[in-house]
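Encoded as structure tokens, the structure appears first; notes follow it.
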Amino acid sequence: MASLLKASSNVFRSEKLPFLSRSKTRQGVVPKKVTFRSVPVALSLSTSTGTVEHDPVSNPPDIAIPIMVNGCTGKMGKSVIQAADSAGLHVVPVSFDAEKNSGQTVELCGKKILVHGPSDRERILASVFQEYPNLIVVDYTVPAAVNDNAELYGKVGVPFVMGTTGGDRDQLYKTVEESKVYAVISPQMGKQVVAFLAAMEIMAEQFPGAFSGYSLQVMESHQAGKLDTSGTAKAIISCFQKLGVLFDMDQIQMIRDPKQQVEMVGVPEEHLSGHAFHLYHLTSPDQTVSFEFQHNVCGRSIYAEGTVDAVLFLAKKVKLKADKRIYNMIDVLREGNMR
């Protein structure tokens, strides 16, 4: 990993970065001289039993870890299936998705996955769980489905990994805790990003006020379809606030324009549809010291691989009859390399 901390005294440029306005503007222009490094990942501080419509003969139920990927028509669902297949997991040929996708067949990694809509999901899931008793469900659906899906998984009693963001998170945790099922829930599945966040939280806890007086500028660039502000950015900023930095969340500069992302941020064109570039720039009151924290993610492999590790982690907990509770990616990280 590259150096996690890059600081200087009269080495960095002393003027404030022009690409981040201190105004309330949500989206601004980035000059060409300020770019992110276009590396894939950089961390620097510079969804009654019945019959399921699939063929159990071609997909035997005796594979060690079968997974059901709900939301398989989406980009993250497809990425998880690819990562799971590469890791030797068995993707069952059933998935839940939106009603508009019901009846579709998704072909990926030599597998044909039949998509079911919201109707009759409990019967279908119970049937799949009966056929594959070691089943782990992976959820990459949509925010509006989070709470209903969690209630379904808890009612059937199937362990699940949820990377879907949004929904009523308090109700989500309450539902899962009351259902007493095994679950890994995390809005951020990239293990390395989670580790970085954890390090920031430790620093904020142990050294409160260490950056008092420093100014902060934040830029985050994601695919145009991401309309909300990055939750990861908010979490990092919360740490900076505990470290003494005055910063309002509405000062985050969101970059969603593809032209700006290519020409000014440095996002490779092939990753415009899926990336997460973050830059946090701190400057001392007298402008003589500067710190940069940066993490760039191209594509979705980091999240898909983290999801597979979460599946392996949860399968291990089930096998060992560990506590039935909600785990997170910190728990997965503490377990070490799962593969």
Side-chain angles (χ1 to χ4, degrees), residues 26 47 67-77 80 95-102 115-126 129 135-190 193-194 197-198 201 220 222-223 225-239 241 248-250 252 254 276 300 303 306-307 310-311 313-314 317 323-332:
R26 299 292 300 214
T47 144
I67 70 168
M68 175 181 181
V69 181
N70 290 334
C72 74
T73 63
K75 293 177 180 178
M76 264 310 306
V80 170
S95 178
F96 295 150
D97 213 304
E99 181 61 41
K100 64 179 182 180
N101 296 323
S102 180
V115 179
H116 295 267
S119 62
D120 209 20
R121 296 189 311 161
E122 184 179 342
R123 178 188 64 82
I124 294 171
L125 181 58
F129 195 24
L135 182 71
I136 304 288
V137 170
V138 172
D139 191 295
Y140 274 106
T141 52
V142 294
V146 163
N147 296 102
D148 285 343
N149 287 353
E151 186 174 347
L152 171 65
Y153 306 148
K155 190 172 184 179
V156 175
V158 61
F160 69 94
V161 173
M162 179 172 284
T164 313
T165 59
D168 186 329
R169 306 305 283 191
D170 291 336
Q171 183 60 47
L172 168 64
Y173 282 89
K174 183 175 184 294
T175 297
V176 179
E177 287 169 355
E178 291 178 349
S179 67
K180 298 188 184 301
V181 295
Y182 293 98
V184 172
I185 300 177
S186 176
Q188 172 56 261
M189 302 300 294
V193 178
V194 172
L197 279 167
E201 290 173 354
E220 58 97 331
H222 291 76
Q223 58 274 9
K226 182 175 175 56
L227 303 179
D228 58 330
T229 305
S230 166
T232 300
K234 290 180 179 180
I236 293 291
I237 290 168
S238 178
C239 292
Q241 290 171 334
D248 294 325
M249 294 297 178
D250 59 6
I252 300 172
M254 296 168 57
R300 297 173 174 82
Y303 313 118
T307 301
V311 168
F313 166 88
L314 202 58
K317 294 301 176 186
D323 294 338
K324 290 186 177 181
R325 66 177 182 86
I326 301 173
Y327 297 92
N328 56 37
M329 288 305 289
I330 294 294
D331 297 311
V332 176

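Keep in mind that what you see is a predicted model, and the values were worked out from it rather than measured.
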- [ ] Would you mind checking if Lys155 and Glu151 are paired as a salt bridge, meaning a charged N to carboxylate O distance below 4.0 Å?
- [x] no
- [ ] Could you check Thr307 against Val161 for side-chain contact (heavy atoms from CB on, under 4.5 Å), going step by step and ending with a plain yes or no?
- [x] CA-CA 7 Å; Thr307 301; Val161 173; 4.2 Å; yes
If only atom types and distance count, is the side chain of [X] paired as donor or acceptor with the main-chain N or O of [Y] below 3.5 Å?
| X | Y | result |
| --- | --- | --- |
| Glu220 | Ser230 | yes |
| Asn147 | Gly167 | no |
| Ser102 | Glu99 | no |
| Ser95 | Val69 | yes |

Do you know which two heavy atoms are closest between [X] and [Y], and how far apart they sit?
| X | Y | value |
| --- | --- | --- |
| Ala183 | Leu314 | N-CD1, 3.8 Å |
| Tyr303 | Ala276 | OH-CB, 3.6 Å |
| Ile124 | Ser119 | CD1-O, 4.4 Å |
| Pro187 | Arg169 | CD-NH2, 4.3 Å |
| Gly306 | Met329 | O-CE, 3.7 Å |
| Val181 | Gly157 | CG1-CA, 3.8 Å |

- [ ] Keeping to residues at least two apart or across chains, list the salt bridge (Lys or Arg N to Asp or Glu O under 4.0 Å) pairs with something in residues 157-166.
- [x] none
Task: Residue Lys324 excluded, over 12 heavy atoms near NZ under 6.0 Å - done: no
Drop me the distance from [X]'s [atom1] to [Y]'s [atom2], to the nearest 0.5 angstrom.
| X | Y | atom1 | atom2 | result |
| --- | --- | --- | --- | --- |
| Phe313 | Asp331 | CZ | CG | 5.0 Å |
| Thr175 | Leu152 | OG1 | CG | 12.0 Å |
| Asp97 | Thr141 | CG | OG1 | 8.0 Å |
| Ile136 | Lys317 | CD1 | NZ | 12.5 Å |
| Leu125 | Asn149 | CG | CG | 10.0 Å |
| Met189 | Thr165 | CE | OG1 | 12.0 Å |

Open item on the list: When you compare the side chains of Gln188 and Thr232, does any donor N or O come within less than 3.5 Å of an acceptor on the partner?
Closed with: yes
- [ ] Anything under 30° is parallel, anything over 60° is perpendicular, the rest tilted; go ahead and classify Tyr153 against Phe160.
- [x] tilted
- [ ] Answer yes or no: is there a side-chain heavy-atom contact under 4.5 Å between Met162 and Val176?
- [x] no
- [ ] Decide side-chain contact (heavy atoms from CB on, under 4.5 Å) for Val194 and Val332; before the verdict, give the C-alpha distance in whole Å, the side-chain angles of both, and the deciding distance to 0.1 Å.
- [x] CA-CA 10 Å; Val194 172; Val332 176; over 6 Å; no
Open item on the list: Determine whether Val158 and Met68 satisfy the following criterion, side-chain contact (heavy atoms from CB on, under 4.5 Å), listing intermediate values before the conclusion.
Closed with: CA-CA 11 Å; Val158 61; Met68 175 181 181; over 6 Å; no
Task: Derivation and outcome, side-chain contact (heavy atoms from CB on, under 4.5 Å), residues Thr164 and Met76 - done: CA-CA 10 Å; Thr164 313; Met76 264 310 306; over 6 Å; no
